[in-house]
Amino acid sequence: MPELHQLTAIQLLNGYRTKTFSPLEVANALVKHVSQWEPHVNALYAYRPDAFIEAAEASTQRWAKGKPSGVLDGVPVTIKELIATKGLPIPGGTGLGEQMVATEDAPPAARLAEDNAVVLAKTTCPDFGMLSSGLSSFHGLTRNPWNLACNTGGSSSGAGAAAAAGFGPLHVGTDIGGSIRLPAAWCGVVGFKPTLGRVPIDPYYVGRCAGPMTRSVDDAALMMSTLARTDRRDAMRLPPENIDWQNLTLDIKGLRIGVMMEAGCGLPLDNEIRHHVEQAAKKLEAAGATLVPLAPVLTREMLDGLDRFWQARQWNELIKLSPEEREQVLPAILAWADGGARLSGVEVVQGFQQTMYMRRATESVFEEVDAVISPTTPNIDFPAEWPSPTNDSRQPFEHIVYNVPWNMGEQPAISLNAGFSRGNMPIGVQLIGPRFADHFVLKLARQLEKRLALPLRWPALPVAKTEVK
């Protein structure tokens, strides 16, 4: 039997029901596991093991009485630092500015509390959530458990590292341009960005979603049954729907699957990634789907326009800080956002308009196909210390080209592991569906996961180097 920290949420719940083990036993095992891993990966913020153990004790008592409360009672979970949790500040990866303590849980945290998931910790993110990197001026450097010299990606960097390292089965990230799917791909886990508004979030913004990061599609679906409940604090939320999230059966025969191997701009696609995504597409074809080659939806003009809009948006945040505080922000953020100070209002509006063009381009894809398969990332890995795969503050978004169009178009998209590179690093494959077809995307992902049938494989605890005298 796998160790307790390796079990999925569904396996944990089954163990609680059969009294094979208790939430308290799981929590104690997890605290021990975290103590061995966390010094290497630095994935956690506000880690309070005593409070975690106390919550697990309460859950154990409910299970012992045969009265669990909520579908996730006793299941360990982490929550991204940017998602407010009552009683804690939100450092935003920097710890700068006015650090107000949250007076209530944001919607994703509130739903998890309602279902009595036990919170292990918050997870790290880079400055302002504006890097796809584990680099933060406040949290320090979060490293990839598969290779500590490599980056996790971001901005859900801690969540990706925590999921890969086995810090419990369930993790919540946020995604405005790939921030769930990128670290999921580079860390070898499942990352699901739902349709905008499917999972209520506060504050809400164009393209900003919260979603599950897990070790299996089944667990992501389980988590959606909690996270997708409505909350009026999100004015962009979708109407409530009665969805049986854990029903993941799907007949692939007859589906038209668009294959989008080229992104249209940005970093070139690594050949190993191309091979693994093509092989994943062939698995769907063998199950009866028809593969349809697709042209890219993204253009250089779209990406550059979004870049200018985001520069202006970030500069608006930076001018709220004192000059002394701004000097403490990561240099890569400062060098990039400084351009926002020199943009005209017309240039910013023109940049924002590119999000509308992305929306039109992505929506039109589904006139001819039922779903899209693509790479999640163009590159396999990059150094842990870099702020992005280009390490160039003038071009920080060349790696999000397979992700960001679906944020602006609002379509659901999921990344899952398609295999490993020759250097033993995970390679992600992405599936995208039409707006509102979140359940369909999870079903398709589960069918692909089953057909890929990858051997169970997770990072090994780094061996401490012996000092040579």
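- When only modelled atom types and interatomic distance are considered, Glu398 and Thr390 share no side-chain donor-acceptor pair under 3.5 Å.
- Side-chain contact between Ile273 and Thr377 is present, with heavy atoms from C-beta onward closer than 4.5 Å.
- Here the shortest heavy-atom pairing between Pro76 and Pro169 reads O-CD, 3.5 Å.
- The pair Arg208-Asp175 fails the salt-bridge criterion, with no side-chain N (NZ, NE, NH1 or NH2) lying under 4.0 Å from an Asp/Glu carboxylate O.
- Judged by distance alone, the side chains of Asp73 and Ser59 do bring a donor and an acceptor atom under 3.5 Å apart.
- A salt bridge does not link Glu285 with Lys282: every distance from a Lys NZ or Arg NE/NH1/NH2 to an Asp or Glu carboxylate oxygen is 4.0 Å or more.
- Glu81 places a side-chain N or O within 3.5 Å of a backbone atom of Gly92 that can act as its donor or acceptor partner.
- For the residue pair Glu3/His33, the side-chain donor-acceptor check at 3.5 Å is not satisfied.
- Using modelled atom types, one finds a donor on one side chain and an acceptor on the other under 3.5 Å when comparing Thr362 with Gln411.
- Of the charged side-chain nitrogens involved, at least one lies within less than 4.0 Å of a carboxylate oxygen, so that Asp438 and Arg198 count as a salt-bridged pair.
- When all heavy atoms are compared, the tightest approach of Ala117 to Val77 is CB-CG1, 3.8 Å.
- A 4.5 Å side-chain heavy-atom check between Met224 and Pro212 finds at least one atom pair inside the cut-off.
- Within the 4.5 Å cutoff, the side chain of Val404 has heavy atoms near those of the Trp310 side chain.
- Ala221 and Leu442 make their closest contact through CA-CD1, 4.2 Å (heavy atoms, listed as atom of the first residue, atom of the second, distance).
- Using a 4.5 Å cut-off on side-chain heavy atoms (C-beta onward), Phe192 and Ser415 make no contact.
- A 6.0 Å sphere centred on CD of Glu54 holds no more than 12 heavy atoms belonging to other residues, nucleotides or ligands.
- Atom CG of Asn424 and atom CH2 of Trp146 lie 8.5 Å apart (nearest 0.5 Å).
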Practice item. Show the numbers, then the answer: is there a side-chain contact (heavy atoms from CB on, under 4.5 Å) between Leu444 and Leu284? Key: CA-CA 9 Å; Leu444 184 60; Leu284 298 176; 4.2 Å; yes

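- When atom types are taken as modelled, the side chain of Asn403 and the backbone of Gly178 share no donor-acceptor pair closer than 3.5 angstrom.
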Practice item. Please assess Arg229 against Asp115 for the test salt bridge (Lys or Arg N to Asp or Glu O under 4.0 Å), listing each intermediate value before the final yes or no. Key: CA-CA 11 Å; Arg229 293 201 297 270; Asp115 278 348; 3.1 Å; yes

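- Here the side chains of Pro389 and Leu267 are in contact, with some heavy-atom distance below 4.5 Å.
- A heavy-atom distance below 4.5 Å is found between the side chains of His439 and Trp245.
- Under a 3.5 Å cut-off, the side chain of Asp219 and the backbone N or O of Ile10 do form a donor-acceptor pair.
- Tyr204 does not carry Arg237 over the face of its six-membered ring by the limits of under 6.0 Å from the centre and within 45° of the normal.
- The two residues Ala161 and Pro145 have their closest heavy-atom pair at O-CG, 3.4 Å.
- With values rounded to the nearest 0.5 angstrom, Leu24 atom CG is found 9.5 Å from Tyr16 atom OH.
- Rounding to the nearest 0.5 angstrom, the gap separating the CG atom in Leu12 from the CG atom in Leu4 is 7.5 Å.
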Review point. Given the rule in the side-chain contact (heavy atoms from CB on, under 4.5 Å) test, do Ser132 and Trp186 qualify, once you have shown the distances and angles that lead to the verdict?
Key: CA-CA 11 Å; Ser132 187; Trp186 283 315; 3.6 Å; yes

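- In this structure a side-chain-to-backbone donor-acceptor pair under 3.5 Å is present from Gln11 to Thr8.
- Put simply, CH2 on Trp458 and NE2 on His5 are 11.0 Å apart, with the number rounded to the nearest 0.5 Å.
- At least one cation-pi condition fails for Arg17 and Trp63: the charged atom is not both under 6.0 angstrom from the six-membered ring centre and inside a 45 degree cone around its axis.
- Between the side chain of Ser156 and the backbone N or O of Gly173, no donor-acceptor pair lies under 3.5 Å.
- By the 4.5 Å heavy-atom criterion applied to side chains, Asn116 and Leu72 are not counted as neighbours.
- The one candidate from Thr124, Thr123, Thr174 that meets the side chain to side chain donor-acceptor pair (under 3.5 Å) condition with Lys80 is Thr174.
- Between Arg143 and Glu385 there is a side-chain heavy-atom pair separated by less than 4.5 Å.
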Exercise for review: Before giving the answer on side-chain hydrogen bond (donor to acceptor under 3.5 Å, both in side chains), spell out for Lys122 and Thr85 the whole-Å C-alpha distance, their side-chain angles and the decisive distance to 0.1 Å.
Suggested key: CA-CA 9 Å; Lys122 306 292 288 288; Thr85 50; 3.1 Å; yes

Exercise for review: Carefully, step by step, assess Thr18 and Thr20 under the rule side-chain hydrogen bond (donor to acceptor under 3.5 Å, both in side chains).
Suggested key: CA-CA 5 Å; Thr18 59; Thr20 306; 2.7 Å; yes

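- Summarising the geometry, atom CG belonging to Leu170 is positioned 9.0 Å from atom CG belonging to Leu227; distances are rounded to the nearest 0.5 Å.
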Exercise for review: Decide side-chain contact (heavy atoms from CB on, under 4.5 Å) for Thr290 and Ile257; before the verdict, give the C-alpha distance in whole Å, the side-chain angles of both, and the deciding distance to 0.1 Å.
Suggested key: CA-CA 6 Å; Thr290 299; Ile257 308 293; over 6 Å; no

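- Checking side-chain atoms of Asn144 against main-chain N and O of Asn151 turns up a donor-acceptor pair under 3.5 Å.
- Nearest heavy atoms, Leu88 versus Val101: N-CG1, 3.7 Å.
- Looking at Asp127 and Thr94, their side chains never bring a donor and an acceptor atom within 3.5 Å of each other.
- Using cut-offs of 30° and 60° on the angle between ring planes, the pair Phe382 and Trp386 is tilted.
- Nearest heavy atoms, His139 versus Cys125: CD2-O, 3.3 Å.
- No hydrogens or angles considered: a donor-acceptor pair under 3.5 Å links the side chains of Asn407 and Arg181.
- Between the side chain of Gln314 and the backbone N or O of Ile333 there is no donor-acceptor pair closer than 3.5 Å.
- Side-chain atoms of Asp231 never come within 3.5 Å of backbone atoms of Pro107 as a donor-acceptor pair (strictly under, hydrogens ignored).
- Side-chain N or O atoms of Thr142 include one that pairs as donor or acceptor with a backbone N or O of Asn42 at under 3.5 Å.
- Here CG of Leu431 is found 15.0 Å from NZ of Lys443. Values are rounded to the nearest 0.5 Å.
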Exercise for review: Take Met261 and Val277 through the side-chain contact (heavy atoms from CB on, under 4.5 Å) test and state the conclusion after the steps.
Suggested key: CA-CA 8 Å; Met261 296 303 300; Val277 175; 3.7 Å; yes

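- The neighbour count for Arg48 CZ, taken as heavy atoms of other residues, nucleotides or ligands under 6.0 Å away, does not exceed 12.
- With Glu272 contributing its side chain and Ile380 its backbone, the two residues share no donor-acceptor pair below 3.5 Å.
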